[in-house]
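So the structure is just underneath, and the comments pick up after that.
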Amino acid sequence: MTDDSTRELLLSRIRDVADYPKPGVKFKDITPLLADPKAFTALTDALAELSVRQGATKIVGLEARGFILAAPVAVRAGIGFIPVRKAGKLPGATLSQAYDLEYGSAEMEVHAEDLQEGDRVIVIDDVLATGGTAAASVELVRRAGAEVVAVAVLLELGFLGGRDRLEPHLRGAPLEALIKV
């Protein structure tokens with residue numbers, strides 16, 4: 001999907017921040033990538049090409065950085081954009097899906113009318129870490145009656161095991177990570 005020079009460009013614009021948000025954590029900061037128009041365009045093009053190749057009719061972006069990536073991809077690919085938000089942030093009728101966090105749980109929501117049977121959805125987020133948010137979003141899309149055709153992320157943190165946790169929820173849909181660390 002992405003050639004080596006594009007991967008190198010993207011990776012070169014991701015900054016490691018030590019001890020954020022807590023001691024011992026190495027945070028992957030994508031803001032330098034977003035600030036570089038060449039890198040951001042390369043990322044948008046790669047994800048738009050994947051979306052079109054998968055036959056997606058809707059793109060779901062996950063709050064909050066997934067919005068930043070998914071919205072321009074939707075515009076580039078000519079596909080509708082659907083935000084999935086934290087519980088209580090969307091007005092009107094919503095579907096919600098609970099998921100587990102390291103300490104506790106959370107919920108995400110989508111407008112009930114935004115996804116329908118027959119929609120082919122690609123879920124886009126910035127990072128795949130433990131897989132909980134991605135798995136919950138896949139289940140939420142399916143509960144709305146739509147088909148998940150792929151999950152795509154800029155960066156997969158392989159050492160956290162998210163791919164293994166997400167795999168049973170994918171039901172054969174591909175997980176595409178532009179960069180794996």
Side-chain angles (χ1 to χ4, degrees), residues 14 17 20-31 43 47 50-51 54 56-71 73-74 79-181:
I14 298 172
V17 179
Y20 183 83
K22 61 184 186 179
V25 173
K26 187 187 326 178
F27 183 78
K28 298 292 188 182
D29 180 14
I30 68 167
T31 58
L43 172 59
L47 292 172
L50 172 63
S51 300
Q54 292 294 337
T57 60
K58 298 276 175 72
I59 294 177
V60 160
L62 306 184
E63 188 168 349
R65 290 182 303 260
F67 293 175
I68 297 167
L69 304 186
V73 170
I79 298 169
F81 169 72
I82 311 297
V84 169
R85 303 224 41 206
K86 295 174 183 168
K89 300 289 185 180
L90 291 172
T94 61
L95 294 173
S96 66
Q97 180 72 40
Y99 61 101
D100 291 328
L101 299 169
E102 188 175 352
Y103 301 103
S105 64
E107 270 187 279
M108 56 178 38
E109 296 179 332
V110 67
H111 275 134
E113 72 275 3
D114 286 348
L115 294 169
Q116 291 109 33
E117 191 172 326
D119 282 334
R120 295 175 49 82
V121 176
I122 184 166
V123 175
I124 294 179
D125 204 3
D126 64 328
V127 174
L128 177 67
T130 62
T133 306
S137 67
V138 165
E139 295 304 324
L140 187 58
V141 167
R142 287 201 180 106
R143 286 186 45 232
E147 175 189 358
V148 175
V149 296
V151 173
V153 296
L154 165 60
L155 183 64
E156 178 182 350
L157 305 178
F159 59 92
L160 292 176
R163 182 176 289 266
D164 291 338
R165 285 186 201 93
L166 180 57
E167 192 68 37
H169 298 273
L170 292 173
R171 299 186 201 159
L175 168 59
E176 301 279 353
L178 301 183
I179 300 168
K180 296 177 187 176
V181 294

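Throughout, residue positions are numbered sequentially from 1 according to the sequence presented.
Side-chain atoms of K86 do not come within 3.5 Å of backbone N or O of A106 as any donor-acceptor pair. For the pair R165 (side chain) and L160 (backbone), a donor-acceptor distance under 3.5 Å is present. A distance-only check finds no donor-acceptor pair linking the side chain of R85 to the backbone of H111 [under 3.5 Å].
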For residues 121-132, tabulate all N or O donor-acceptor pairs below 3.5 Å that involve a side-chain atom, not counting sequence neighbours.
from: D125; atom 1: OD1; to: G66; atom 2: N; distance (Å): 3.4
from: D126; atom 1: OD2; to: R65; atom 2: NE; distance (Å): 2.3
from: D126; atom 1: OD2; to: R65; atom 2: NH2; distance (Å): 3.2

Problem set entry | CA sep, side-chain torsions, deciding dist, call: L50, L178, side-chain contact (heavy atoms from CB on, under 4.5 Å) | CA-CA 11 Å; L50 172 63; L178 301 183; 5.9 Å; no
Exercise. Would V84 and V141 satisfy side-chain contact (heavy atoms from CB on, under 4.5 Å), going step by step from the backbone distance to the final call?
Worked result: CA-CA 9 Å; V84 169; V141 167; 5.6 Å; no
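E139 is linked by a side-chain contact (heavy atoms from CB on, under 4.5 Å) to Q97, R142, H169, R171, counting only residues two or more places apart in sequence or in another chain. Taking the side-chain contact (heavy atoms from CB on, under 4.5 Å) definition, one finds that A87 meets it with E107, E109, sequence neighbours left out. In this structure A64 satisfies the side-chain contact (heavy atoms from CB on, under 4.5 Å) test with no other residue, sequence neighbours excluded. Checked against side-chain contact (heavy atoms from CB on, under 4.5 Å), D29 has the following partners two or more places apart in sequence or in another chain: R15, V17, F27, T31, P32.
For the atom pair NZ of K28 and CG of L155, the computed distance is 6.5 Å after rounding to the nearest 0.5 Å. Note: L154 CG to I68 CD1 = 11.5 Å, rounded to the nearest 0.5 Å. If you take CD1 on I79 and OG1 on T57, they are separated by 7.5 Å, rounding to the nearest 0.5 Å. Rounding to the nearest 0.5 angstrom, the gap separating the NZ atom in K26 from the CG atom in L157 is 10.0 Å. Within the model, atoms CG of L140 and OG1 of T133 stand 12.0 Å from one another, a figure rounded to the nearest 0.5 Å. Going from atom OG of S96 over to atom CZ of R143 covers 6.0 Å, rounded to the nearest 0.5 Å.
Scanning all heavy atoms of the two residues, the minimum distance from A146 to L115 falls at CB-CB, 4.4 Å. In plain terms, the two heavy atoms of G61 and A70 that are nearest each other are CA-CB, 3.7 Å. The two residues V73 and L69 make their nearest non-hydrogen contact at CG2-O, 3.1 Å. Among all heavy-atom pairs drawn from A136 and A98, the shortest one is CB-O, 4.3 Å. Residue F81 comes nearest to A74 through the heavy atom pair CB-CB, 3.7 Å, listed as atom of the first residue, atom of the second, then distance. Taking each heavy atom of Q54 and P174 in turn, the nearest pair found is NE2-CG, 3.7 Å.
Using a 4.5 Å heavy-atom threshold, the side chains of V60 and V110 count as separate. Using a 4.5 Å heavy-atom threshold, the side chains of P83 and K89 count as separate.
Residue pairs meeting the salt bridge (Lys or Arg N to Asp or Glu O under 4.0 Å) criterion with at least one partner in residues 149-161, sequence neighbours excluded, are E156-R163.
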